[in-house]
Amino acid sequence: MTIRLYDTSARQIRDFTPLKPGCVSIYLCGATVQAAPHIGHIRSGLNFDIMRRWFAYRGYDVTFIRNVTDIDDKIIKKAAEQNRPWWSIGYENERAFNDAYTALGCLPPTYEPRATGHVTEMVEMMRGLIERGHAYEADGNVYFDVRSLPGYLSLSNQELENLLQPSEDGETGKRDLRDFAMWKAAKPGEPSWETPWGRGRPGWHLECSAMAHKYLGAEFDIHGGGIDLIFPHHENEIAQAKGFGDAFARYWVHNAWVTMSGEKMSKSLGNSVLVSEMVKQWRPIVLRYYLGTPHYRSTIEYSEDALREAESAFARIEGFVQRVVEKAGPVDPAEQVPPAFAEAMDDDLGVPQALAVVHTTVRQGNSALAADDKEAAVARLAEVRAMLGVLGLDPLDDHWAGESDRGDDLHGVVDSLVRLVLDQRESARARKDWATADAIRDQLGQAGLVIEDSPQGPRWTLGPR
């Protein structure tokens with residue numbers, strides 16, 4: 001058994017060899033909390049949640065760090081626009097991100113450090129970089145000298161001579177316009193911390209280098225994030241860490257975007273779809289299926305039609321689970337997933353191929369139910385639950401047990417009303433009045449209900465919208 005991952009730095013799929021046998025350390029660039037999360041933000045958390053679950057299934061002891069960037073230019077700008085404290089905006093949106101992660105079934109990280117809690121570590125890193133000749137102070141700012149480090153830009157595969165480094169207002173005193181800010185001198189009315197070079201606040205890149213070093217040490221296994229972070233963020237993280245003397249990440253794994261009309265989903269484009277609104281329209285487990293089942297390196301083009309397809313596909317899985325449980329009672333997950341599922345997951349987290357194994361097993365289970373082969377149906381459900389558990393999609397898991405379906409607060413009332421109609425249908429069937437029975441079923445279908453006749457009597461579910 002060997003897990004293989006696409007390593008952005010190597011530009012190829014590589015066998016995963018852990019730094020420490022039996023353990024895996026993962027650092028994921030988490031939320032910048034200037035606003036509430038849209039589904040594009042949460043996709044990254046979902047993809048790496050599935051990675052984490054698969055490593056755990058394969059027997060690894062996983063340390064998973066997902067940071068919070070709670071101070072940056074965008075947060076400060078929002079605070080000024082809304083006439084609110086910067087920390088109030090950050091905390092409000094940090095909670096919104098955590099609510100979204102939880103709603104979609106992401107396991108909590110081992111540690112979730114905030115940038116503002118690690119200024120001491122940032123100062124220590126800057127001091128070390130200045131001493132080693134990789135950084136310098138100018139006008140209260142501290143910059144990284146990009147020419148001082150051989151191999152800079154190897155992750156993004158750019159040429160230094162062609163580099164256009166993003167720059168912000170107030171970044172004065174640079175020796176080279178391509179140098180990037182690690183620390184920004186204080187401006188009137190903005191938050192700041194005391195340092196040997198004067199008051200100021202951290203740059204975005206420095207935060208992650210310092211926190212990764214604190215929680216995972218000088219070298220760790222996997223650094224993750226969205227493809228939009230490869231440059232400048234991850235490139236500059238590497239520069240700081242290497243300049244400080246760290247080996248840093250051994251593998252770089254990046255997930256693709258969620259797009260709308262071919263463009264990256266972002267607040268600046270005005271095309272974001274907030275998780276808090278989406279979960280009012282769609283079951284969270286369906287959203288997880290939609291965002292988590294495409295391959296992590298494949299772009300997802302958002303559309304309601306695609307979400308409906310995901311809803312229908314998951315309904316087929318969930319319906320099988322419910323039918324077996326009704327027939328046989330509770331069924332525990334199997335200890336092992338089917339070999340074809342494991343092979344797909346080992347191959348760069350091939351979730352689409354793994355999901356095909358789930359659906360094949362569901363079809364086999366449905367055939368067993370149709371043949372009244374209870375033993376085979378139970379065996380298939382055990383396998384399905386094991387696979388869904390890895391994907392975080394097991395509808396019988398405790399996390400989803402209390403999930404609200406559409407209109408679930410009225411479920412009891414609706415159930416009573418539907419039962420009255422179904423009783424009329426059963427009376428018609430008893431009279432062999434098939435026309436009336438079929439008409440009732442068709443009318444319920446037009447109302448969005450799916451009626452299934454089972455040995456225990458008719459049952460209803462909400463059909464795909």
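Summarising the local packing, CD of Gln158 is surrounded by more than 12 heavy atoms from other residues, nucleotides or ligands at distances under 6.0 Å. Dense packing is recorded around CZ of Arg297, with more than 12 heavy atoms of other residues, nucleotides or ligands lying under 6.0 Å away.
Using modelled atom types and a 3.5 Å distance limit, the side chains of Gln34 and Thr32 yield no donor-acceptor pair. No side-chain N or O of Asn67 forms a donor-acceptor pair with one of Tyr111 less than 3.5 Å apart. Judged purely by distance below 3.5 Å, without hydrogens or angles, the side chains of Glu301 and Thr259 pair a donor atom with an acceptor atom. When only modelled atom types and interatomic distance are considered, Ser9 and Asp7 share a side-chain donor-acceptor pair under 3.5 Å. A donor-acceptor contact closer than 3.5 angstrom is absent between the side chains of Thr361 and Glu383.
Test Asp72, Asp73, Asp70 against Arg201 for salt bridge (Lys or Arg N to Asp or Glu O under 4.0 Å) and you get one pass: Asp73. When each of Tyr143, Phe144, Phe180 is tested with His205 by the rule ring pair (Phe, Tyr, Trp, His ring centres under 6.0 Å), just one qualifies, namely Phe180. Residue Tyr57 forms a ring pair (Phe, Tyr, Trp, His ring centres under 6.0 Å) with just one option from Trp54, Phe55, Tyr60, and that option is Trp54.
Counting only distance, with no hydrogens or angles, the side chain of His234 and the backbone of Gly225 share no donor-acceptor pair below 3.5 Å. For the pair Glu235 (side chain) and Ser156 (backbone), a donor-acceptor distance under 3.5 Å is present. Remark: side-chain polar atoms of Arg53 are paired, donor with acceptor, to backbone N or O of Gly389 under 3.5 angstrom. Side-chain N or O atoms of His41 include one that pairs as donor or acceptor with a backbone N or O of His38 at under 3.5 Å. Checked by atom type and distance alone, the side chain of Arg43 pairs as donor or acceptor with a backbone atom of Ala256 at under 3.5 Å. At distances below 3.5 Å, not a single donor-acceptor pair connects side-chain atoms of Glu159 with backbone N or O atoms of Asn162. Between the side chain of Arg132 and the backbone N or O of Gly128, at least one donor-acceptor pair lies under 3.5 Å. Although no hydrogens or angles enter the test, the distance criterion places no donor-acceptor pair under 3.5 Å between the side chain of Asn141 and the main chain of Glu171. Side-chain atoms of Ser25 come within 3.5 Å of backbone atoms of Asp221 as a donor-acceptor pair (strictly under, hydrogens ignored).
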_Verdict with reasoning, Phe220 to Tyr215, per ring pair (Phe, Tyr, Trp, His ring centres under 6.0 Å)_ = CA-CA 10 Å; Phe220 57 95; Tyr215 291 94; over 10 Å; no
*asked:* One pair to check against side-chain contact (heavy atoms from CB on, under 4.5 Å): His295 and Val351. What are the steps and the verdict?
replied: CA-CA 6 Å; His295 194 275; Val351 174; over 6 Å; no
*Kindly determine whether Phe244 and His213 satisfy ring pair (Phe, Tyr, Trp, His ring centres under 6.0 Å), including the steps that lead there.*
CA-CA 10 Å; Phe244 189 66; His213 177 89; 5.5 Å; yes
_With side-chain contact (heavy atoms from CB on, under 4.5 Å) as the criterion, how do Val358 and Leu388 come out once you've worked through the C-alpha distance, each side chain's angles and the decisive distance to 0.1 Å?_
CA-CA 8 Å; Val358 175; Leu388 293 179; 4.1 Å; yes
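Between Met345 and Ala354 the shortest heavy-atom distance is SD-CB, 3.8 Å. Between Asp179 and Lys174, the closest heavy-atom pair is O-NZ, 2.7 Å. Residues Ser192 and Ala186 share a closest heavy-atom pair of CB-CB, 3.8 Å. Taking each heavy atom of Leu229 and Cys29 in turn, the nearest pair found is CD1-CB, 3.7 Å.
Of the charged side-chain nitrogens involved, none lies within less than 4.0 Å of a carboxylate oxygen, so that Lys20 and Asp61 do not count as a salt-bridged pair. Salt bridge Glu318/Arg283: present, at least one basic N to carboxylate O contact under 4.0 Å. By the 4.0 Å N-to-carboxylate-O rule, Asp49 lies close enough to Arg288 to be salt-bridged with it. For the pair Arg84 and Glu92, the salt-bridge criterion is met [side-chain N within less than 4.0 Å of a carboxylate O]. Classification of Arg308 and Glu304 as a salt-bridged pair holds, one side-chain N sitting under 4.0 Å from a carboxylate O. Between Asp176 and Arg147, at least one side-chain nitrogen of the basic residue sits less than 4.0 Å from a carboxylate oxygen of the acidic one, meeting the salt-bridge criterion. By the 4.0 Å N-to-carboxylate-O rule, Asp15 lies close enough to Arg4 to be salt-bridged with it.
Aromatic pair Tyr251/His223: ring centres not closer than 6.0 Å.
The side chain to side chain contact (heavy atoms under 4.5 Å, CB included) check on Thr63 picks up Ile65, Thr110, Leu216, with sequence neighbours excluded. Residues passing the salt bridge (charged side-chain N to carboxylate O under 4.0 Å, His left out) test with Arg175, sequence neighbours excluded: none. Partners of Glu277 according to the salt bridge (charged side-chain N to carboxylate O under 4.0 Å, His left out) rule, which considers only residues two or more places apart in sequence or in another chain, are Lys280.
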